[in-house]
Amino acid sequence: MRVSRTSRTVLGTITGIILATIYLPLIVVLINSFSTSKSLTWPPPGFTFAWWGKAFQSAGALGAILTSVQVAVVATIVSLVLGTLISLALQRYTFFGRDTVSLLVILPIALPGIITGIALNNAFRTILGIQLSILTVIIAHVTFCIVTVFNNVIARLRRMGTSLEEASADLGGGLWTTFRLVTFPQLRSALLAGGLLAFALSFDEIIVTTFTAGTGVTTLPIWILNNLFRPNQAPIVNVIAVVLVLVSIIPIYVAQRIAGSDVVQK
Amino acid sequence: MTTQSETRVRDGAGHRASVFLYSHVRVRLALLISAPLFWLGLVYIAALVALLVTAFWTVDSFTGEVRTDWTFDNIITVLTGSLYQSVTLRTLGMAVLVTIADIVIALPIAFFMAKVASAKWQRILVIAILMPLWASYLVKAYAWRSVLSNDGIFQWIVQPFGGTTPGYGIPGAVITLAYLWLPYVILPIYAGLERVPDSLLEASSDLGAGTWRTLRSIVLPLLWPAIVAGSIFSFSLTLGDYITINIVGGANQMLGNLVYTNVGAANNLPLASAIALIPIAIIFVYLAAVRRTGALNSL
């Protein structure tokens with residue numbers, strides 16, 4: 001099938017329009033963060049740096065960012081370990097119920113977040129009688145972060161085959177030595193990509209978090225939701241949003257570099 | 001020198017454990033799988049089962065505590081109440097609309113990325129699609145609130161042509177949700193198209209098939225699992241959403257709002273659990289229906 005010149009132009013135009021629509025709201029947020037209007041009228045009536053100054057002094061926002069980072073770091077580390085273990089088990093072994101286990105891993109993202117949220121809320125409060133805290137948020141986040149690590153690692157395991165590991169075993173490498181010197185180095189970039197996604201997922205999650213966070217726990221999304229409808233806080237939310245998008249360029253750049261170096265290695 | 005250290009290593013407990021594990025596949029598997037299975041089983045599945053059970057309990061109207069008296073009342077309320085029926089239909093309708101809109105938008109852009117754009121542009125486009133995923137979900141929904149508002153940019157753009165903004169309501173919510181989940185639909189479809197070999201497309205055209213015939217008979221069947229995988233995201237995420245509808249949906253409610261109100265303000269966990277069983281049932285029907293397409297492996 002040859003794609004004709006006309007079809008190429010049409011497809012390219014559609015792609016351009018879709019991308020413009022994707023970025024329009026983000027650009028509106030950027031411009032509104034400098035607007036003198038508190039109710040986000042368009043076009044902006046005036047220009048000001050005031051919100052940017054206030055945002056960096058907002059103790060609530062800074063504290064929330066710290067909480068979110070703590071939750072995301074711990075959730076990412078735990079899901080990296082659990083995700084790698086289950087990928088190895090599912091990819092390298094055949095056993096009874098393997099399909100069920102792989103369905104079990106993807107279930108937390110296949111089911112709507114509110115289900116995970118209310119199920120865990122109910123389990124913690126009604127069944128176990130545990131107080132909601134930062135720990136319950138982390139436990140909840142790990143549950144749906146495992147799958148992002150799993151997806152990346154199992155795809156890598158499929159591609160890399162077992163020949164190098166067998167060679168290592170033939171040369172006398174024990175299981176641990178083989179994992180440390182042969183398997184892990186090949187998995188490293190997949191782990192980084194999965195870990196980055198898990199971190200981003202946890203950092204941005206609001207629905208499950210609302211149901212599992214105790215009263216004193218304010219992650220960044222919870223803070224944003226609490227301040228979204230307050231006239232004096234909404235422009236500060238805009239500033240935080242812009243900063244987050246700008247900061248997110250770093251992990252995307254890192255992820256792309258990893259993807260690029262993988263291609264070179266092949 | 002080497003022999004000495006090697007002998008020491010080979011006699012160590014670590015080595016003996018390694019040899020033991022090497023010859024005992026089941027033990028190795030058990031060691032790998034027990035921790036993650038323990039977590040998912042104990043935390044997640046147990047919680048889901050508990051949710052199912054809680055739907056059959058009741059709340060003490062004086063103390064507000066959950067009482068373990070078995071009753072079908074909650075289930076009957078949810079199944080027969082007109083509020084629950086209309087909200088379920090509305091939520092389901094929105095999920096279907098959002099999913100169709102996302103697939104229709106994702107197909108041309110994914111095709112352009114995978115089969116038309118040069119390698120360099122392909123990478124740029126993938127980054128361009130990924131980047132909005134890192135912007136906060138709430139901020140994007142809120143951005144649409146300001147885009148759709150009566151003195152927002154949407155009104156500003158369409159007013160010269162005699163149009164008006166849809167404002168806050170179901171259409172606004174569908175637009176916003178379709179916007180939010182679009183990258184999740186584009187990426188699997190793009191990955192699926194990448195796996196369709198160009199040689200098949202060439203063979204098809206060599207055998208005399210036109211563009212549409214090739215798309216319908218070659219591309220679509222190969223791409224179907226990827227499309228279904230993408231649809232699971234947009235469908236499931238819409239089904240459980242209750243925050244976007246609060247931000248851009250006016251006074252309308254989705255199933256998630258009913259669950260949220262009953263957990264929080266109304267403090268009726270058993271009723272909330274019973275309502276939550278509706279999206280669970282819908283998703284399981286959906287997953288069972290698409291399981292044979294192999295979509296679950298391309299998630």
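If you're wondering where the values come from, they're calculated on a predicted model, not measured in any experiment.
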Check: If we only count heavy atoms from C-beta on, is the A:Ile22 to B:Ile129 side-chain gap below 4.5 Å?
Finding: yes

Next item on the list: Please determine, among A:Leu88, A:Leu201, A:Leu104, the option with the most heavy-atom pairs under 4.5 Å with chain B.
Entry: A:Leu104

Notebook entry, point to check: For B:Ile105, is it the side chain, the backbone, both or neither that has a heavy atom under 4.5 Å from a heavy atom of chain A?
Noted result: both

Next item on the list: Let me know if B:Val116 has heavy atoms under 4.5 Å from chain A in its side chain, its backbone, both or neither.
Entry: both

Margin query: At a heavy-atom distance under 4.5 Å, which candidate from A:Ala169, A:Ala123, A:Ala200, A:Gly117 has the highest pair count against chain B?
Written below: A:Ala200

Check: Is any side-chain heavy atom of B:Val263 less than 4.5 Å from a side-chain heavy atom of A:Ile118?
Finding: yes

Checklist line | Interface moiety of A:Ser87 toward chain B, non-hydrogen atoms closer than 4.5 Å | finding: neither

Next item on the list: Identify which part of A:Phe211 has an atom lying under 4.5 Å from any heavy atom of chain B, answering side chain, backbone, both or neither.
Entry: side chain

Next item on the list: First locate atom OG1 of A:Thr15, then atom CH2 of B:Trp121, and finally report the distance between them rounded to the nearest 0.5 Å.
Entry: 10.5 Å

Item checked: Distance in Å, A:Phe229 CZ paired with B:Arg145 CZ, rounded so as to fall on 0.5 Å steps -> 4.5 Å

Check: Is it true that atom OH of A:Tyr23 has more than 12 heavy atoms of other residues, nucleotides or ligands lying nearer than 6.0 Å?
Finding: yes

Notebook entry, point to check: What part of A:Thr143 lies closer than 4.5 angstrom to a heavy atom of chain B: side chain, backbone, both or neither?
Noted result: both

Item checked: Toward chain B, the part of A:Thr116 with a non-hydrogen atom under 4.5 Å -> both

Notebook entry, point to check: Can you say whether B:Trp57 sits under 4.5 Å from chain A via the side chain, the backbone, both, or neither, judging by heavy atoms?
Noted result: side chain

Next item on the list: Measure B:Leu255 against the heavy atoms of chain A and call it side chain, backbone, both or neither at under 4.5 Å.
Entry: neither

Next item on the list: Answer yes or no: does atom CZ of B:Arg213 have more than 12 heavy-atom neighbours from other residues, nucleotides or ligands under 6.0 Å?
Entry: no

Margin query: Using 0.5 Å steps for rounding, measure from the CG atom of A:Leu171 to the OG1 atom of A:Thr177.
Written below: 12.0 Å

Check: Is any side-chain heavy atom of B:Leu48 less than 4.5 Å from a side-chain heavy atom of A:Leu107?
Finding: yes

Check: Ignoring hydrogens and geometry, is there a side-chain-to-backbone donor-acceptor pair from A:Asp204 to B:Tyr137 under 3.5 Å?
Finding: yes

Margin query: Counting only non-hydrogen atoms closer than 4.5 Å, does B:Phe235 touch chain A with its backbone (N, CA, C, O), its side chain (CB onward), both, or neither?
Written below: neither

Next item on the list: Answer with side chain, backbone, both or neither: which region of B:Ile218 has an atom nearer than 4.5 Å to a non-hydrogen atom of chain A?
Entry: neither

Next item on the list: Answer whether the closest heavy-atom distance between the side chains of B:Lys115 and B:Leu201 falls below 4.5 Å.
Entry: yes

Checklist line | Most contacts with chain B, counted as non-hydrogen pairs under 4.5 angstrom, among A:Val78, A:Leu228, A:Thr210 | finding: A:Leu228

Notebook entry, point to check: Within a reach of under 6.0 Å around CG of A:Asn226, are more than 12 heavy atoms found that belong to other residues, nucleotides or ligands?
Noted result: yes

Check: Parallel under 30°, tilted from 30 to 60°, perpendicular over 60°: which one fits the rings of A:His141 and A:Phe144?
Finding: tilted

Next item on the list: Among the options B:Ala30, B:Ala47, B:Ala141, pick out the one with the most heavy-atom pairs lying under 4.5 Å from chain A.
Entry: B:Ala47

Notebook entry, point to check: Using non-hydrogen atoms only, which part of A:Arg125 is less than 4.5 Å away from chain B: side chain, backbone, both, or neither?
Noted result: side chain

Note to self: If we define contacts as heavy-atom pairs under 4.5 Å, which of B:Ser136, B:Ala50, B:Ala46, B:Ala110 has the most with chain A?
What the structure shows: B:Ser136

Margin query: I'd like to know which of B:Gly41, B:Gly256, B:Pro36, B:Ala128 tops the heavy-atom pair count under 4.5 Å against chain A.
Written below: B:Pro36

Item checked: chain A contact via B:Ile283 - side chain, backbone, both or neither, heavy atoms under 4.5 Å -> side chain

Check: With only heavy atoms counted, which part of B:Tyr179 is less than 4.5 Å from chain A, the side chain, the backbone, both or neither?
Finding: side chain

Margin query: Among B:Phe38, B:Trp144, B:Phe154, which residue has the highest count of heavy-atom pairs closer than 4.5 Å to chain A?
Written below: B:Trp144

Next item on the list: Using a cut-off of under 4.5 Å on heavy-atom pairs, state which of A:Ile139, A:Leu24, A:Val28 scores highest against chain B.
Entry: A:Ile139

Check: Taking C-beta and beyond as the side chain, do A:Arg98 and A:Tyr93 meet within less than 4.5 Å on heavy atoms?
Finding: no

Notebook entry, point to check: Under a 4.5 Å heavy-atom cut-off, does chain B meet the side chain of A:Val105, its backbone, both or neither?
Noted result: both

Next item on the list: Can you tell which part of A:Ile127 gets under 4.5 Å to a heavy atom of chain B, answering side chain, backbone, both or neither?
Entry: side chain

Checklist line | B:Ser273 side chain to B:Thr54 side chain, donor-acceptor N/O pair below 3.5 angstrom | finding: no

Note to self: Is there a side-chain contact between A:Leu26 and B:Pro132 in this structure, where contact means two heavy atoms from C-beta onward sitting under 4.5 Å apart?
What the structure shows: yes

Check: CD1/B:Ile124 to CE/B:Met113 distance, rounded to the nearest 0.5 angstrom?
Finding: 11.5 Å

Checklist line | Side chain / backbone / both / neither for A:Ile14 at chain B, heavy atoms under 4.5 Å | finding: side chain

Check: What residue, out of B:Val139, B:Leu29, B:Ile33, has the most heavy-atom pairs lying under 4.5 Å from chain A?
Finding: B:Leu29

Item checked: Per-residue contact mode, A:Leu246 against chain B (heavy atom under 4.5 angstrom) -> neither

Checklist line | Within-4.5 Å side-chain heavy-atom neighbours: A:Trp223 and A:Asn227 | finding: yes

Check: Given the options A:Ser79, A:Pro221, A:Pro108, A:Gly12, which has more heavy-atom pairs under 4.5 Å with chain B than any of the others?
Finding: A:Pro108

Item checked: Verdict with reasoning, B:Ser231 to B:Tyr286, per side-chain hydrogen bond (donor to acceptor under 3.5 Å, both in side chains) -> CA-CA 10 Å; B:Ser231 79; B:Tyr286 195 78; 2.6 Å; yes

Next item on the list: Could you tell me which of B:Leu138, B:Leu51, B:Ile153 has the largest number of non-hydrogen atom pairs under 4.5 Å with chain A?
Entry: B:Ile153

Check: Picking from A:Ala89, A:Gly113, A:Pro112, which has the most non-hydrogen pairs under 4.5 angstrom with chain B?
Finding: A:Pro112

Next item on the list: Could you tell me which portion of B:Ile247 (side chain, backbone, both or neither) has an atom closer than 4.5 angstrom to a non-hydrogen atom of chain A?
Entry: both

Item checked: Toward chain B, the part of A:Phe124 with a non-hydrogen atom under 4.5 Å -> neither

